There are 2 protein chains.
Amino acid sequence: MASRGTAEEVRRANLSAVLRLLYVNGPSSRAVLARATGRNRSTMASLVADLVELGLAEERDPAALGVAGRPSPVVHVRPEVVAIAVNPEIDALTLGLVGLDGTVRRVIRHAYDRIPSVAEVLSITSAVLAGMEVELAALRVVGIGVAVPGQVQTAEGVVRNAPHLGWRDEPFAAPLTELSGLPVALANDAALGAWAEHRFGSGRGQDHLVYLNGGASGIGGGVIIAGALLGGTSGYAGEIGHIRIASSPALDSAGIAGTLESLVTRAELLAALGLDESSADRLATALLHTPPQPALAVAHRQLAHLGSAIAAVINILNPQVIALGGFLAALLAFDPDLLDREVAAATLAPSREGVRIVPADLSDRLLLVGAAGLAFEPLLRDPASFAR
Amino acid sequence: MASRGTAEEVRRANLSAVLRLLYVNGPSSRAVLARATGRNRSTMASLVADLVELGLAEERDPAALGVAGRPSPVVHVRPEVVAIAVNPEIDALTLGLVGLDGTVRRVIRHAYDRIPSVAEVLSITSAVLAGMEVELAALRVVGIGVAVPGQVQTAEGVVRNAPHLGWRDEPFAAPLTELSGLPVALANDAALGAWAEHRFGSGRGQDHLVYLNGGASGIGGGVIIAGALLGGTSGYAGEIGHIRIASSPALDSAGIAGTLESLVTRAELLAALGLDESSADRLATALLHTPPQPALAVAHRQLAHLGSAIAAVINILNPQVIALGGFLAALLAFDPDLLDREVAAATLAPSREGVRIVPADLSDRLLLVGAAGLAFEPLLRDPASFAR
DNA sequence: GAGTTATGTTTATGTCCACAACATTTACTC
DNA sequence: GAGTAAATGTTGTGGACATAAACATAACTC
């Protein structure tokens, strides 16, 4: 009789490990995979054969050699295996078609003139998917990952509160699955940004990373602990913008006083630089090239507050890397030494040693890669269950 | 030929899972273990036989029955398997002999009249161990776990900074191993307290827990995430006492201004209650029974600050339980509603729902159980490597 | 005492992987 | 250009482990 149980579990774990390696590190030879996983070469032959059989991988002739030894075909992930990334924002809905090989095949941006409802976003999404029908037919779409600017009940696929979109307690995953026939996973946008930075960005390979992103609507955060995204009990973790760091009556978007988000705002910086919202992309250059005196004062004050928040994070989490995105990256570039001093003044010495504060890679594509990563997760966890 | 590799790994994982279940949940029958692990009954028979063979478990006759079905011998962890817990504090060194079955067999408290050096603590420890030689000969000591009131490089077994003991960059694990011949593991005391609360205390079974302990020397913290102790990059994580929450010139023990520890102190509470340090154990009752007006004001202010810090932790980590120990538990008992309101004012609504703020169990024994748990970890991870 | 229920035990079977020996293909050396 | 070293792929064998199924055992129920 069939012996399921453990043998299957072992196989699943090994297939998962191999596919993950290919996903994270890119193409490599079987021998390299065998060493990385600690399996035997003959075992790896069988595992790769399985992945090829499942339509998830393929072997190609090796490129240039230069080393002795028998040349080894290179195992690639099949680029037709894709996920759809969805990112609803205030001004536009962005959809991306992202391959398991990491390529962003297509980005579609659909601007709207007013903030959309959930129903409208769902409708636009399914319209775009309908338009892509021919393209998708030639591919293998494993799921949809959604980056939501707000707090998300990840397990249930429900948007609890996305203040800038005005969404509260809106089921999202279930209706989108209904419309698309695809599995849908949701997460907070900054959390996915953190994950993408950790996996593919400036914090690559760092197992303990904190990501802070500053945008028009506030400050979002995401935390990677031991290589995994920190979700907390319900998936709401990482809201570093809303921690109180000072005694101040200023309120943030959630109505909390004295928080990082209330004290460090892009709007104030833009105003001090004489820019308006529409020219926000010039903030970084304006700040670096002879900014007016008032802007200097604002930037210095904001850096001090940013330092306090980062210090709190360092004391609590003892991370290796703090990645700053959006206008927080501009603040960092403006005076990294000042930020370092402010952080040093509010951290315990052992905790802060070795911590690097770096700008995030921050290409908009990275967020799509993060959302797609969310959709790829079930496939990476159990490749064998994705038989065609 | 021998097939090591995977088969061994599977066995190791299964043995580990079974021993962990016994350690955490206490004695249970084989059938229960089989269901809990998802293994087959015949597999469990073999696994339990291995544990018995290794001298780690034993089967005893079932107690009262009352249910139909064949009576099942109950699998117990062998109580002779023990670890030694060590906790150096300012006023005394506490050693505990803790069984794998959870019983605290013996507690030895050695008071000193001045703060000891590392060498003195090591010397006292080995003296106590020498005195216990006969007792220990009948047992099986798997290691020593040390709870240090300060920041610890867990991997290296080095105390980086224990301000109240005046220790800086002191190797501890290596010399104690040298003296005792036993493996030694170090961790921060509050971190071990958090772990013990999560495993055996008031936060039992909660996978996301934050522990805050208030003592004479300040406020320590520990964080449990997804059932595991959060160490961070080097093991320094959890220093919640040192996060800045207000604009205040008050400095804490690390010289940082406006932190939880600088604003919420036992000394100030005691002074307002007209007590001195030596009567600290009466703080809780004094606070609950008609305290003088100034003490009320102090308690209210401290509760507000405590609320800000807890709120920051909730926003960042989205935990299920906040366990408060020491005088923080007294503050909680004094006015739980006020604390709730302060927390609510500084948290995002979704994150705070379902969070319970509870007093920690806080028996001094729990810390010893935590330190012993640290020492048991290698055994629980790979029981087969502990063949006699 | 017959039936029910829950558990322990025995035996046969299947899966997966490691290992070892051999095959293949390249680069390097003289 | 022949021989050697290095790296990898391939094949067959064996072993460890876990499952499944049938049977055995010991309580409870009526």
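Predicted model, so just to flag it, every value in this text is computed and none were measured. Lettering follows sequence order; numbering is per chain, from 1. In what follows, every heavy atom counts, from backbone to side chain, and hydrogens, waters and symmetry copies are set aside.
In plain terms, the two heavy atoms of Ala194(B) and Ile224(B) that are nearest each other are O-CG1, 3.8 Å. Residues Ser72(A) and Ser29(A) approach most closely at OG-CB, 3.4 Å, considering heavy atoms. Counting all heavy atoms, side chain and backbone alike, Phe386(B) lies closest to Asp382(B) at CD1-O, 3.7 Å.
Salt-bridge annotation for Arg39(B) and Glu9(A): present, with a side-chain N of the basic residue lying under 4.0 Å from a carboxylate O of the acidic one. Ion pairing of Glu135(A) with Arg105(A) is absent here, as no side-chain N (NZ or NE/NH1/NH2) approaches a carboxylate O to less than 4.0 Å.
Gln320(A) places a side-chain N or O within 3.5 Å of a backbone atom of Asp207(A) that can act as its donor or acceptor partner. A donor-acceptor pair under 3.5 Å is absent between the side-chain atoms of Asp101(A) and the main chain of Gly26(A), judged by distance alone.
Arg11(A) and Ser46(A) share a side-chain donor-acceptor pair at under 3.5 Å.
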Report each atom pair, protein N/O against N/O of nucleotides 2-5 of chain C, whose distance is under 3.5 angstrom.
from: dT5(C); atom 1: O2; to: Gly69(B); atom 2: N; distance (Å): 3.0

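Under the rule for a ring pair (Phe, Tyr, Trp, His ring centres under 6.0 Å), the partners of Phe200(B) that lie at least two apart in sequence or sit in another chain are Tyr23(B). Residues forming a side chain to side chain donor-acceptor pair (under 3.5 Å) with Glu80(A) (at least two apart in sequence, or on another chain): Arg78(A).
Using a 4.0 Å cut-off on heavy atoms, the residues of residues 10-23 of chain B that approach DNA chain D are Val10(B), Arg11(B), Asn14(B), listed by number. A heavy atom lying under 4.0 Å from DNA chain D marks none of the residues of residues 25-37 of chain B. Scanning residues 43-61 of chain A for heavy-atom distances under 4.0 Å to DNA chain C yields Thr43(A).
At a cut-off of 3.5 angstrom, counting only N and O atoms as typed in the model, there is no donor on one side facing an acceptor on the other between the side-chain of Ser42(A) and the base of dC17(C).
Within the model, atoms CH2 of Trp195(B) and CG of Leu209(B) stand 12.5 Å from one another, a figure rounded to the nearest 0.5 Å. Rounded to the nearest 0.5 Å, atoms CD (Glu58(B)) and CG (Leu56(B)) are 11.0 Å apart.
When each of dT25(C), dT8(D), dT19(D) is scored by its nearest atom to the side-chain atoms of Pro71(A), the top-ranked nucleotide is dT25(C).
OP1 or OP2 of dA18(C) sits under 4.0 Å from a side-chain N or O of Thr6(B).
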Stepwise salt bridge (Lys or Arg N to Asp or Glu O under 4.0 Å) test for Arg30(B) and Glu59(B): CA-CA 9 Å; Arg30(B) 285 201 229 167; Glu59(B) 295 190 278; 3.0 Å; yes
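The distance from atom CZ of Arg39(B) to atom P of dA16(D) is 19 Å, rounded to the nearest whole Å. What separates CG of Asn40(A) from P of dT8(D) is a distance of 13 Å, to the nearest Å. Atom-to-atom, CZ of Arg41(A) to P of dT11(D) comes out at 13 Å; the value is rounded to the nearest Å.
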